[in-house]
Amino acid sequence: MKRLFDAFSALYNGDNIVKITKLRYVPRWLVIFIDVIIVFLSILLSRILLDNLNVKVNFPEYSLEKRLILIGVNIMFMYVFKTYAGIIRHSTFFDFFKIILSSGSTLITLLVLNYILETMMGKSLYLYPNLFLYFLISVSLMFFFRMVTKQFFNMLIDIRGASSRVRVAVVGVGEVSIALARAIMHNPNYPYRLAGFITNRQDSRKAILLGYKIYNKNQFFTDEKLIRQFDAVLLIKEIMPKQELEEWMTLALDNGLKVLKAPTLSKMRDSDLVGGISHLQIEDLLNRKPIKIESEEVRRRHFDKVVLVTGGAGSIGSEIVRQVSQFNPSLIVMLDQAESPLYELELELLEKFPDQKFKFILADISNSYRLEKLFETYQFSMVYHAAAYKHVPLIEDNPHEAIFVNILGTKNLALLSKKYKVNRFVMVSTDKAVNPTNVMGASKRAAELFVQSLQNSEGNTTKFITTRFGNVLGSNGSVIPHFRRQIEKGGPVTITHPDIIRYFMTIPEACELVLQAGTMGNGGEIYVFDMGEPVKILDLAKRMIKLSGYTPDIDIKITFIGLRPGEKLYEELLSNNATTIPTHHEKIMISKDPLMEFEQVDFLCKQIIRSAVKRDKLQVVRILKTIVPEFISNNSEFEVLDKESEAKIEE
C-alpha cells in the first residue's frame, strides 16, 4: 500500500516519472480490484451487445443475482489460478495462459450450471451466446490491461534512463541475437538500451524485429546521421568467425562506436545474459579455434598417478595444475619458490577441487638435496617442469641467476627423474631459445640440450620431452596487461620498436598442448606448437587503445623506446638448421634440432655453474655461447664476446 501511495504522491508533487518507475510492482489487491472491474465491464458490454441485437434474456427478474453468481465464480477461479500473482510489468504468455484457464473454468462451470437448470426447469439461467461473449471480452480486456501496464512501465523506464543507458545495435537476427535483444528489453535496470539490429543480409531492410528496425551493414555504416543514434554495437563472439569479428570491430571503432561482446553460449544458458555483456578485449581477437585434445589418452596418463609441477604458482604451471586436476591423479605436488602466489594458488585449488589431493612445496629447484627428498618420498610418475626465469632484460643484467634456475634447476630435476625412473619428464621451453639473442633464451636452449642428451644416456628409462611455444596471453609480465595498465593511466603506451612482432597463444591453449605433447613420442623430441599468424605489436597497441574508447596518438600517445637488451624483432620457433616432422595432432610438430652428447653438455654445464657461483658475468655468457653456438647477443653488453669470437676466427 505504501508503494502505491508513494507513486500517487509523486504524481501530485510533479516528479511523475522518477517515482513511478521506483514502484517495483502493482500490488496484488489492486490487480484483483482492476480484474473485478474488468469482469463488471465485460458483463455490461456483453449485455449491451445482446440488447442491441434485441435478444431477450432468461429470468430478467434475477439479473442482479445472475451477475453476482458470475462474478463470484470468476473471482474464485482467479484465486485458484492466481492470475493476480504475476508481476504485471513482466507479463508473459504464461500469465495470459493463467487468465484463459481462469476465465475458461468460469465458462465451463456456468455452462454446467446452465445445463443442470435447463434439465430441471426447461430453461437455462444464462443465454449461451452471452456466456461465450462474456468469456471473449473478459479475457481480451484482462490481457490488454497487462500489456498496456507492461508497455507503460517500459516507456517510463526508457524515458528515465534514455540519457544514461548505452544505445546498442545487436549484430545479427538469428535466434541467439533475438534472445539477447529480449534480455536487454526485459532488464531495464541494466545500462543498455536496445536501439536496433544490424545484419549482413539484404532482405531485411523493411522488416521490424521486436519493434525495432533492422539495418543492413553497408547502409548503417555509411549514414552518419543514423550512426549518431547509437552508442555501441553488440557482438556475439561465439557465432561468428574471427575474420568477421575483426571486420565488425573495425567498422564500429572507425565510426566512433563502442564494441561490446555478449556472453558465450554456455553462459547464456547458465547465467544472466545482460549481466555478462562487457567490452570486447584484444584477447578475443587473438583467440583461435578451440584445440581438440585427445582427452582419453591424457586422462590415462594422469589418472591415479603422482604428478610434480615445478613453477606451479606461475601462469603456465598453475594452469597445468588446473587441467591435470580434472583427470583425478592420486596426488599433485606443486613446487615454487614464490611464497605468496603459491599460498594464493593453494586457497584457489582447495576450493575448486575439494576432492583432489594436493601438496604445496616451497623450494628452490637449484637445491638438489631438497629436490631429492621429494623424489624419494613421492615417487613421481609425471614431472612438468615449468619453473624458469623468463624476463629478458632482467636476466640480461643477472645472467648467473638464469644459470642457477634455468640450467642447474633443469639439470637437477632431469637427473633425479632419470634416477627415480619417472615415466615422463615434460619441459616447458620458449621460442626465445631458437637462435637466441639474449641470455634468457640461450639458457633455455642449454636446458633443452641437457634434457635431450639424457634420453639415450646409459640406464635411462624416462621419456624426456620438450615443448616450445611463444608468448601467452595474460601471463605474468606479458605485453597485454602492461599496455592495459598504461592505457588506464592515460598513456603513453610504450613500444620498443615499430616493426616488432610476436606470436600469441592463450594460457589454457598452451597448457592443453603441453599435456597432449606429454603423451606423445618415445622421448627426446622437441615439440613446437602452431602459433598461428604473428601479430605486430604496434597494431596490437592501436587496437587496444581503440577498444578502450580512445584515439591512438591523440587521446593516448604511442612512443617508441628502442629495443631492450637482448630483444629481437622477430621470434622464431625453429632454428636455422632445424626441420619439422608432423604429428597426428595438427597443432603439434616435432623440431629436429642439433643434439649434443651427454658427456659434452654435462661438462659444459658444470663449467658454467662454477662461473655463475663466482658471479663472473662475462665468463658465464662466454661458456653459454660455447654450449649454444647460434647465440648472438643483440643490443647487449655481451656483444663484445661475439666480436672476440669473430676476431679469433679471422686469425
J.: What I want to find out is whether Lys592 reaches Glu525 closely enough, with some N-O distance under 4.0 Å, to be called a salt bridge.
T.: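 Glu525 and Lys592: not salt-bridged.
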J.: So how far is it from Asn406 CG to Ser366 OG, rounded to the nearest 0.5 Å?
T.: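 Answer for the CG-OG pair, Asn406 versus Ser366, is 11.0 Å.
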J.: Counting distance only, does the side-chain N/O of Thr583 pair as donor-acceptor with the main-chain N or O of Met589 below 3.5 Å?
T.: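 Side chain of Thr583 to backbone of Met589, a donor-acceptor pair under 3.5 Å: no, none is there.
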J.: Step by step, work out the side chain to side chain contact (heavy atoms under 4.5 Å, CB included) result for Ile608 and Leu408.
T.: CA-CA 9 Å; Ile608 201 171; Leu408 176 58; over 6 Å; no
J.: Before giving the answer on salt bridge (charged side-chain N to carboxylate O under 4.0 Å, His left out), spell out for Asp593 and Arg468 the whole-Å C-alpha distance, their side-chain angles and the decisive distance to 0.1 Å.
T.: CA-CA 12 Å; Asp593 290 72; Arg468 186 192 285 167; 3.7 Å; yes
J.: Look only at the side chain of Ser330 and the backbone of Lys305, and say whether a donor-acceptor pair between them is shorter than 3.5 Å.
T.: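 Pair found, side chain donor or acceptor close to backbone of Lys305.
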J.: Among all residues two or more places apart in sequence or in another chain, which pass the side chain to side chain donor-acceptor pair (under 3.5 Å) test with Ser457?
T.: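 For Ser457, the residues satisfying side chain to side chain donor-acceptor pair (under 3.5 Å) (neighbours in sequence not counted) are Lys418.
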J.: Do Leu235 and Leu260 have side-chain heavy atoms sitting under 4.5 Å apart?
T.: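 No - every pair of side-chain heavy atoms lies 4.5 Å or more apart.
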J.: At what distance, to the nearest 0.5 angstrom, does CD1 of Ile609 lie from CD1 of Ile623?
T.: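 So the CD1 of Ile609 and the CD1 of Ile623 are separated by 10.0 Å.
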J.: Is any side-chain heavy atom of Ile500 less than 4.5 Å from a side-chain heavy atom of Leu563?
T.: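 In contact.
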J.: Inspect the surroundings of CZ in Phe560 and state if more than 12 heavy atoms from other residues, nucleotides or ligands are less than 6.0 Å away.
T.: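 Counting neighbours around CZ of Phe560, more than 12 heavy atoms of other residues, nucleotides or ligands fall under 6.0 Å, so yes.
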J.: Would you call Lys432 and Lys444 a side-chain contact if the rule is heavy atoms closer than 4.5 Å?
T.: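 Counting from C-beta outward, Lys432 and Lys444 never come under 4.5 Å.
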J.: Could you label the plane-to-plane angle of the Phe425 and Phe464 rings as parallel, tilted or perpendicular, counting under 30° as parallel and over 60° as perpendicular?
T.: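 Geometry flag for Phe464 against Phe425: tilted rings.
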J.: Could you please spell out the steps behind the ring pair (Phe, Tyr, Trp, His ring centres under 6.0 Å) verdict for Phe375 and Phe380?
T.: CA-CA 6 Å; Phe375 275 78; Phe380 302 113; 5.1 Å; yes
J.: Are more than 12 heavy atoms, taken from residues, nucleotides or ligands other than Asp539, located less than 6.0 Å from that residue's CG atom?
T.: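 Count over threshold, so yes.
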J.: Return yes if some donor-acceptor pair links the side-chain N/O of Asn460 with the main-chain N/O of Gln455 below 3.5 Å, else return no.
T.: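 Pair found, side chain donor or acceptor close to backbone of Gln455.
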J.: Is there a side-chain contact between Leu540 and Ile480, using heavy atoms and a 4.5 Å cut-off?
T.: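 In short, these two side chains touch, coming nearer than 4.5 Å.
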J.: If you measure from the Lys or Arg side-chain nitrogens to the Asp or Glu carboxylate oxygens, is any gap between Arg445 and Glu448 under 4.0 Å?
T.: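 Answer for the salt bridge query: yes.
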J.: Could you tell me whether a side-chain N or O of Asp616 sits under 3.5 Å from a main-chain N or O of Gln619, the two making a donor and an acceptor?
T.: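 Yes; at least one donor-acceptor contact below 3.5 Å.
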J.: Tell me, do Ile465 and Arg424 make a side-chain contact under 4.5 Å, heavy atoms counted?
T.: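 With C-beta onward as the side chain, the pair touches.
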J.: Please test Phe450 against Thr410 for side chain to side chain contact (heavy atoms under 4.5 Å, CB included), starting from the C-alpha separation and ending with a verdict.
T.: CA-CA 8 Å; Phe450 187 89; Thr410 301; 5.5 Å; no
J.: Tabulate below the donor-acceptor pairs under 3.5 Å that side-chain atoms of residues 397-405 make, not counting sequence neighbours, or state none.
T.:
from, atom 1, to, atom 2, distance (Å)
Asn398, ND2, Leu394, O, 2.8

J.: Could you list the donor-acceptor pairs under 3.5 angstrom formed between side-chain atoms of residues 492-499 and any protein atom two or more places apart in sequence or on another chain?
T.:
from, atom 1, to, atom 2, distance (Å)
Thr494, OG1, Gln486, NE2, 2.8
Thr496, OG1, Glu567, OE1, 3.4
His497, ND1, Asp499, N, 3.0

J.: To the nearest 0.5 Å, what is the distance between CG on Asn456 and CD on Gln452?
T.: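 Nearest 0.5 Å value for the CG-CD distance: 10.0 Å.
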J.: A side-chain contact here means heavy atoms from C-beta on lying under 4.5 Å apart; do Tyr384 and Met382 qualify?
T.: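 Side-chain contact under 4.5 Å: yes.
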J.: Please identify each residue that fulfils side-chain contact (heavy atoms from CB on, under 4.5 Å) with Gln323, with sequence neighbours left out.
T.: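 Once residues adjacent in sequence are excluded, the partners of Gln323 under the side-chain contact (heavy atoms from CB on, under 4.5 Å) criterion are Glu319, Gln326, Pro508, Cys511, Glu512, Leu515.
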J.: Sort out for me which residue in Leu413, Ile332, Leu374 forms a side-chain contact (heavy atoms from CB on, under 4.5 Å) with Leu308.
T.: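 Exactly one candidate clears the test, Leu413.
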J.: Are the side chains of Phe631 and Asn435 in touch, meaning some heavy atoms are under 4.5 Å apart?
T.: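 No, too far: nothing below the 4.5 Å cut-off.
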J.: Output the distance between atom CD (Gln607) and atom SG (Cys605), rounded to the nearest 0.5 Å.
T.: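 Here the interatomic distance stands at 10.0 Å.
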J.: What I want to find out is whether Lys617 reaches Glu637 closely enough, with some N-O distance under 4.0 Å, to be called a salt bridge.
T.: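 Counted as a salt bridge, because a side-chain N and a carboxylate O are separated by less than 4.0 Å.
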J.: Keeping the roles fixed (side chain from Ser636, backbone from Ser633), state whether a donor-acceptor pair exists under 3.5 Å.
T.: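 Side chain of Ser636 to backbone of Ser633, a donor-acceptor pair under 3.5 Å: no, none is there.
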J.: Check this for me, if you would: do Arg301 and Glu297 make a salt bridge, where the nitrogen-to-carboxylate-oxygen distance has to be below 4.0 angstrom?
T.: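 Counted as a salt bridge, because a side-chain N and a carboxylate O are separated by less than 4.0 Å.
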J.: Looking at CG of Leu416 and NZ of Lys373, how far apart are the two atoms once the value is rounded to the nearest 0.5 Å?
T.: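 Leu416 CG to Lys373 NZ: 13.0 Å, rounded to 0.5 Å.
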J.: Start with the C-alpha distance between Leu618 and Leu641, add both sets of side-chain angles, then the distance that settles side chain to side chain contact (heavy atoms under 4.5 Å, CB included), and finish with yes or no.
T.: CA-CA 8 Å; Leu618 282 177; Leu641 297 174; 4.1 Å; yes
J.: Which pairs would a plain distance check flag for residues 349-363, meaning a side-chain donor or acceptor within less than 3.5 Å of a matching protein atom at least two apart in sequence or in another chain?
T.:
from, atom 1, to, atom 2, distance (Å)
Lys352, NZ, Glu348, OE2, 3.3
Gln356, NE2, Pro329, O, 3.0

J.: Quick one: side-chain contact (heavy atoms from CB on, under 4.5 Å) partners of Gln600, sequence neighbours excluded?
T.: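 side-chain contact (heavy atoms from CB on, under 4.5 Å) check on Gln600 returns Met596, Leu604.
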J.: Got a second to check how far Leu454's CG is from Leu449's CG, nearest 0.5 Å?
T.: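 Separation between the atoms: 11.5 Å.
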J.: Please assess Lys411 against Leu415 for the test side chain to side chain contact (heavy atoms under 4.5 Å, CB included), listing each intermediate value before the final yes or no.
T.: CA-CA 6 Å; Lys411 179 183 176 183; Leu415 288 173; 3.8 Å; yes
J.: Kindly say whether Asn635 contributes a backbone atom to a donor-acceptor pair with the side chain of Glu639 at under 3.5 angstrom?
T.: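 Yes, because the side chain of Glu639 sits within donor-acceptor range (under 3.5 Å) of the backbone of Asn635.
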J.: Indicate yes or no: at least one non-hydrogen side-chain atom of Pro341 is less than 4.5 angstrom from one of Asp336.
T.: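 No; the side chains remain at least 4.5 Å from each other.
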J.: Do Asn412 and Ser368 get their side chains close enough for a donor-acceptor pair, meaning under 3.5 Å?
T.: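 No, no side-chain donor-acceptor contact under 3.5 Å.
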J.: For the aromatic rings, using the six-membered ring if either is Trp, is the centroid distance between His585 and Tyr527 under 6.0 Å?
T.: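 Ring-ring flag for His585/Tyr527: false, centres at least 6.0 Å apart.
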J.: Checking Ser548 side chain against Tyr550 main chain: does a donor-acceptor pair fall under 3.5 Å?
T.: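 No: the side chain of Ser548 does not pair with the backbone of Tyr550.
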J.: Do any N or O atoms from the side chain of Asn423 and from the backbone of Thr462 form a donor-acceptor pair under 3.5 angstrom?
T.: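 No, Asn423 side chain to Thr462 backbone: no donor-acceptor pair under 3.5 Å.
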J.: Please answer whether the main-chain N or O of Val439 pairs with a side-chain N or O of Glu396 as donor and acceptor at a distance below 3.5 Å.
T.: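 Looks like yes, one N/O pair under 3.5 Å.
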J.: Without swapping roles, check the side chain of Asp304 against the backbone of Asn328 for a donor-acceptor pair under 3.5 Å.
T.: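 Looks like no, no N/O pair under 3.5 Å.
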J.: Could you tell me whether Arg543 and Glu246 have a side-chain N and a carboxylate O separated by less than 4.0 Å?
T.: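 Looking at Arg543 and Glu246, the cut-off is met.
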